[in-house]
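These notes concern the structure reproduced below.
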Amino acid sequence: MNAVLDVVLSSAFLAAVLRVATPYLLAAMGGLVAERAGISNIALEGQMLSAACTGALVAGYSGSIAAGALSGVAVAVLLGLLLAALRLELGADAIIAGIGLNLLASGGTAYAVFTLLDDKGGTSGLRSGTLPTITLPGIEHIPVVGEVLSGQNMVTWLAFLAAPFVAWLFYRTRFGFHLRAVGEMPDAAASVGIAVRRVQYAGLALSGAFAGLAGVFLSMGYVSFFVRDMTAGRGFIALAAVFLGGLRPWGVFLAALGFGAAEALAVQLGTLDVPPQLVSTIPYAMTLVALALYAWRRKRRGAGEVAPASL
């Protein structure tokens, strides 16, 4: 127990939480934007995976990290627009379409890597580089604070700015008002002149951009290569954070940060004398517990609303 406490209370663990939570925060904000637009983005996993693969391949072949990152985000945006088209133009079920895109991404990335590199595992033989880190002058030498904050990847800082950005977008901009109106009551929004489909397309594109940035971080921030199915369910966990956070930016932020802390804990405990099978289940077990608590809270809230009417 003392060894576990030493791990949890260390500055290295806190720094790891920020790093590990980055893809969860970005993907969760993407899921929140899509959900507020009235379309559940189940394809977060596939968008992250496609972005991670595209970013590593383009950066490796072009020698440009920026080109790789932008290409990865662009692919995720295109998948978001494809999901919107399947739902809005063809009337496909968003859940089924999202699952289909996830399967397409899983198989497509593996096929692309094997075709280009003759490697079934990933792009480890291709140098793609990593996105730059940010060193904070004057803070890096402060005990604990400097070790936690200084030296984090630039995408990590963008991830922590995502929540205030989305909150500002939702509650301080015309587009945000339109987005929430379309997601809650599309017919009413259309009756006052809001272009419902245009807003939903924009929402899914923005959702894809967030997911794409999360995917690029996995292959160009965590490491400098792509590994087959390296998202490992993070897109689905991020989607759980959307609902656990009550569809509110700061609630989603805290939920995603909690999931990131759970994964960081699993990684740190892997260095101790703890069964690896138990350690690997921590993020997923926390997801199930969190969703169970969310369902219980909704049930109690619903019972509280119904009870007065029955008197």
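Values reported hereafter were calculated over all heavy atoms of this structure, with side chains retained and with hydrogens, waters and symmetry mates removed. Predicted model, so just to flag it, every value in this text is computed and none were measured.
In terms of heavy atoms, Val216 sits closest to Ala51 at CG2-O, 3.9 Å. When all heavy atoms of Asn41 and Leu239 are compared, the closest pair comes out as O-CD1, 3.9 Å. Contact detail for Leu83 and Ala43: the closest heavy-atom pair is CD2-CB, 4.4 Å. For the residue pair Ala255 and Ala241, the shortest heavy atom distance occurs at CB-O, 3.7 Å. When all heavy atoms of Ser62 and Ala67 are compared, the pair lying nearest together is OG-CB, 4.0 Å. Nearest heavy-atom pair, Ile42 versus Gly98, reported as atom, atom and distance to 0.1 Å: CB-CA, 4.1 Å.
Open room surrounds OH on Tyr111; 12 or fewer heavy atoms of other groups in view lie less than 6.0 Å from it.
Partners of Thr231 according to the side chain to side chain donor-acceptor pair (under 3.5 Å) rule, which considers only residues two or more places apart in sequence or in another chain, are Glu45. For Glu35, the side chain to side chain donor-acceptor pair (under 3.5 Å) test picks out Ser40, with sequence neighbours left out.
At a threshold of 4.5 Å between non-hydrogen side-chain atoms, the residues Gln152 and Thr133 do not count as touching. In this structure, the side chains of Pro186 and Ile194 stay at 4.5 Å or more apart for every pair of heavy atoms. Under the 4.5 Å side-chain criterion, counting only non-hydrogen atoms from C-beta, Gln200 is in contact with Val182. Put simply, the side chain of Thr109 does not reach to within 4.5 Å of the side chain of Arg228, judged on heavy atoms. Residues Val166 and Phe210 are in side-chain contact: their nearest non-hydrogen atoms beyond the backbone lie under 4.5 Å apart. Taking the side chain as every heavy atom from C-beta outward, Glu263 and Tyr24 approach each other to under 4.5 Å. Residues Pro249 and Phe165 have side chains not in contact (no heavy-atom distance under 4.5 Å, counting atoms from C-beta outward).
Residues Trp157 and Val155 share a hydrophobic cluster, clusters being chains of Ile/Leu/Val/Met/Phe/Trp/Tyr side chains in contact below 4.5 Å. Both Phe170 and Leu247 belong to a single network of hydrophobic side chains, linked directly or stepwise wherever heavy atoms of I, L, V, M, F, W or Y lie under 4.5 Å apart.
Across Thr130, Thr22, Leu158, a single residue satisfies side-chain contact (heavy atoms from CB on, under 4.5 Å) together with Phe217, and that is Thr22.
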For the pair Ser128 and Leu57, evaluate side chain to side chain contact (heavy atoms under 4.5 Å, CB included) and give the outcome as yes or no after the intermediate values. CA-CA 7 Å; Ser128 58; Leu57 288 174; over 6 Å; no
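Aromatic ring centres of Phe160 and Phe253 lie closer together than 6.0 Å.
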